[in-house]
Amino acid sequence: MENIEALREEVLAEVEKAADLAALEDIRISALGKKGRITGLMKNLGKMDPDQRREFGQALNAVKDQVASALDMRKGDLENAALEARLTGERIDVTLPSRPSETAGRIHPISQTIDEIVSIFGEMGFALAEGPDIEDDFHNFTALNIPPEHPAREMQDTFYLPEGEDGSRLVLRTHTSPVQIRTMQSKTPPIRIIAPGRTYRSDSDMTHTPMFHQVEGLVIDKKTHMGHLKGCLLEFVKTYFELDDVPVRYRPSFFPFTEPSAEMDIGCSRKGGELKIGAGDDWLEILGCGMVHPRVLAACGLDPEEYQGFAFGMGIERIAMLKYGIPDLRTFFDTDLRWLKHYGFVPLDVPNMVRG
């Protein structure tokens with residue numbers, strides 16, 4: 001028993017004198033490791049008679065617990081001391097001037113593309129219009145001639161907010177078309193607007209994200225027809241893709257809010273696995289469009305016998321990917337500064353209507 005007490009005092013004294021974490025670890029191994037002094041005595045218990053083993057074992061376990069507790073306490077003290085020393089050594093004087101940055105800030109491709117779109121359509125006389133991200137059923141669905149049984153209303157496609165006291169449910173807008181509705185309700189034709197903004201749908205893969213950006217255009221007056229729509233969109237794709245001539249075609253389609261409806265394709269080439277916009281032997285769908293449905297005009301308080309017009313919509317990420325060669329939609333939202341440095345735009349050297 002005297003040997004155990006002497007060992008306890010010796011190990012505790014070593015723990016108290018440990019100067020750093022490395023020295024403390026050496027003491028732990030020498031005392032409690034597989035070949036440690038206390039562990040060695042534990043192995044001898046099997047050679048003792050039962051009464052002696054019980055007495056000796058209880059004393060040895062008590063010493064082992066005291067040493068383990070002392071090691072933990074000393075470790076905490078040493079860790080705190082090391083952290084304090086590090087904080088003192090690495091302290092920064094916040095009153096000093098900031099360090100010069102070698103990397104200039106970048107404009108995100110989405111922001112740049114929105115500016116380009118607004119600028120192009122602005123030259124055609126379109127005004128910028130905006131609306132809320134959270135919409136009611138009327139503006140997001142009903143006024144756009146989207147019936148109650150339409151798939152777009154289903155939970156798997158739409159983010160609904162909790163029901164209100166009256167049982168109604170607000171929704172994160174699934175398109176920027178509600179901006180068109182609000183504009184037609186608040187303004188008297190002629191109307192010519194462009195409406196970029198965030199939209200939300202429950203979808204996520206290489207070409208879809210739950211939040212993305214759309215831009216929609218609307219023209220309402222008494223004489224606008226499908227020919228005006230085609231000329232407007234042709235001028236846009238030529239200017240946006242910086243090409244003198246872009247082959248286009250219109251395929252009949254269906255949208256609840258336009259009649260007739262069409263999808264616009266632009267010519268392209270995929271030779272060698274590389275996509276090039278312009279003359280080629282292939283086609284690429286880029287947007288949807290059509291003449292505003294008479295029911296939509298009536299829902300907004302406009303007489304469809306007096307007024308008519310066209311509307312179109314496209315994904316901003318999609319056309320940015322096509323123009324700037326960005327392969328994956330999800331990278332727009334990864335907040336990766338390396339990606340932004342590669343695809344972003346230096347503020348003083350961005351594409352615009354003047355320098356192209």
Side-chain angles (χ1 to χ4, degrees), residues 114-147 150 152 171 173-199 213-240 248 250 252-264 286-316 319 353:
I114 291 176
D115 287 346
E116 290 182 65
I117 294 170
V118 171
S119 177
I120 293 170
F121 282 106
E123 289 290 313
M124 301 182 198
F126 284 74
L128 179 65
E130 296 178 315
D133 286 17
I134 298 176
E135 278 290 2
D136 55 39
D137 183 273
F138 176 80
H139 290 92
N140 198 78
F141 294 123
T142 304
L144 289 160
N145 196 35
I146 299 177
H150 195 279
V171 61
R173 65 183 182 185
T174 57
H175 40 200
T176 55
S177 300
V179 180
Q180 300 182 29
I181 301 300
R182 292 180 178 277
T183 301
M184 285 188 281
Q185 287 180 316
S186 61
K187 296 184 180 299
T188 301
I191 296 171
R192 186 175 295 189
I193 61 162
I194 192 78
R198 295 186 181 93
T199 55
H213 297 79
Q214 275 191 341
V215 59
E216 300 190 12
L218 173 71
V219 173
I220 299 292
D221 57 28
K222 297 181 179 181
K223 297 182 179 180
T224 291
H225 52 71
M226 197 75 177
H228 295 138
L229 167 63
K230 294 169 66 176
C232 174
L233 295 180
L234 175 61
E235 187 63 26
F236 166 73
V237 294
K238 288 168 58 178
T239 305
Y240 178 75
V248 299
Y250 296 86
S253 186
F254 169 77
F255 303 111
F257 29 82
T258 53
E259 180 60 37
S261 302
E263 296 203 18
M264 178 181 175
I286 190 173
L287 57 84
C289 59
M291 299 300 292
V292 179
H293 200 292
R295 291 180 182 174
V296 175
L297 294 171
C300 296
L302 299 179
D303 184 359
E305 296 295 328
E306 182 178 4
Y307 295 108
Q308 62 187 37
F310 65 75
F312 58 86
M314 69 189 88
I316 294 177
I319 62 172
M353 294 290 290

Taking every non-hydrogen atom, the tightest pair across [X] and [Y]:
X: V179; Y: T183; answer: O-OG1, 2.8 Å
X: I316; Y: P196; answer: CD1-CB, 4.2 Å
X: H213; Y: R198; answer: NE2-CG, 3.6 Å
X: P256; Y: H293; answer: O-CD2, 3.7 Å
X: I193; Y: F126; answer: O-CD2, 3.2 Å
X: M124; Y: F236; answer: CE-N, 3.8 Å

After noting the C-alpha distance and the side-chain angles of E123 and T239, does the key distance pass the side chain to side chain contact (heavy atoms under 4.5 Å, CB included) rule?
CA-CA 11 Å; E123 289 290 313; T239 305; over 6 Å; no
Enter the distance from [X]:[atom1] to [Y]:[atom2] here, rounded to the nearest 0.5 Å.
X: F310; Y: L233; atom1: CZ; atom2: CG; result: 7.0 Å
X: H225; Y: Q308; atom1: NE2; atom2: CD; result: 8.5 Å
X: N145; Y: E259; atom1: CG; atom2: CD; result: 10.0 Å
X: R192; Y: K187; atom1: CZ; atom2: NZ; result: 15.0 Å
X: L302; Y: Y307; atom1: CG; atom2: OH; result: 7.0 Å
X: M291; Y: F255; atom1: CE; atom2: CZ; result: 15.0 Å

Name every donor-acceptor pair, under 3.5 Å, that has one atom in a side chain of residues 216-224 and the other anywhere in the protein, sequence neighbours excluded.
{"from": "E216", "atom 1": "OE1", "to": "S177", "atom 2": "N", "distance (Å)": "3.3"}
{"from": "E216", "atom 1": "OE1", "to": "S177", "atom 2": "OG", "distance (Å)": "2.6"}
{"from": "E216", "atom 1": "OE1", "to": "Q180", "atom 2": "NE2", "distance (Å)": "2.6"}
{"from": "E216", "atom 1": "OE2", "to": "T176", "atom 2": "N", "distance (Å)": "3.3"}
{"from": "E216", "atom 1": "OE2", "to": "T176", "atom 2": "OG1", "distance (Å)": "3.4"}
{"from": "E216", "atom 1": "OE2", "to": "S177", "atom 2": "N", "distance (Å)": "3.3"}
{"from": "E216", "atom 1": "OE2", "to": "S177", "atom 2": "OG", "distance (Å)": "3.0"}
{"from": "D221", "atom 1": "OD1", "to": "K223", "atom 2": "N", "distance (Å)": "3.0"}
{"from": "D221", "atom 1": "OD1", "to": "T224", "atom 2": "N", "distance (Å)": "2.7"}
{"from": "D221", "atom 1": "OD1", "to": "T224", "atom 2": "OG1", "distance (Å)": "2.7"}
{"from": "D221", "atom 1": "OD2", "to": "T224", "atom 2": "OG1", "distance (Å)": "2.6"}
{"from": "K222", "atom 1": "NZ", "to": "E306", "atom 2": "OE2", "distance (Å)": "3.1"}

Apply side chain to side chain contact (heavy atoms under 4.5 Å, CB included) to the pair N140 and T174, showing each step before the final yes or no.
CA-CA 7 Å; N140 198 78; T174 57; 3.2 Å; yes
Do other residues, nucleotides or ligands put more than 12 heavy atoms under 6.0 Å from the CD atom of E130?
no
Any chance NZ of K238 has more than 12 other-residue heavy atoms, nucleotides or ligands included, within less than 6.0 Å?
yes
How far apart are the C-alpha atoms of F312 and F121, what are their side-chain angles, what is the distance that settles it, and do they pass the ring-ring contact (aromatic ring centres under 6.0 Å, His included) test?
CA-CA 12 Å; F312 58 86; F121 282 106; 5.2 Å; yes
Checking side chain to side chain contact (heavy atoms under 4.5 Å, CB included) for the pair I286/I319: CA distance, chi angles, key distance, verdict?
CA-CA 7 Å; I286 190 173; I319 62 172; 3.9 Å; yes
Sub-4.5 Å side-chain heavy-atom contact between D137 and V171
no
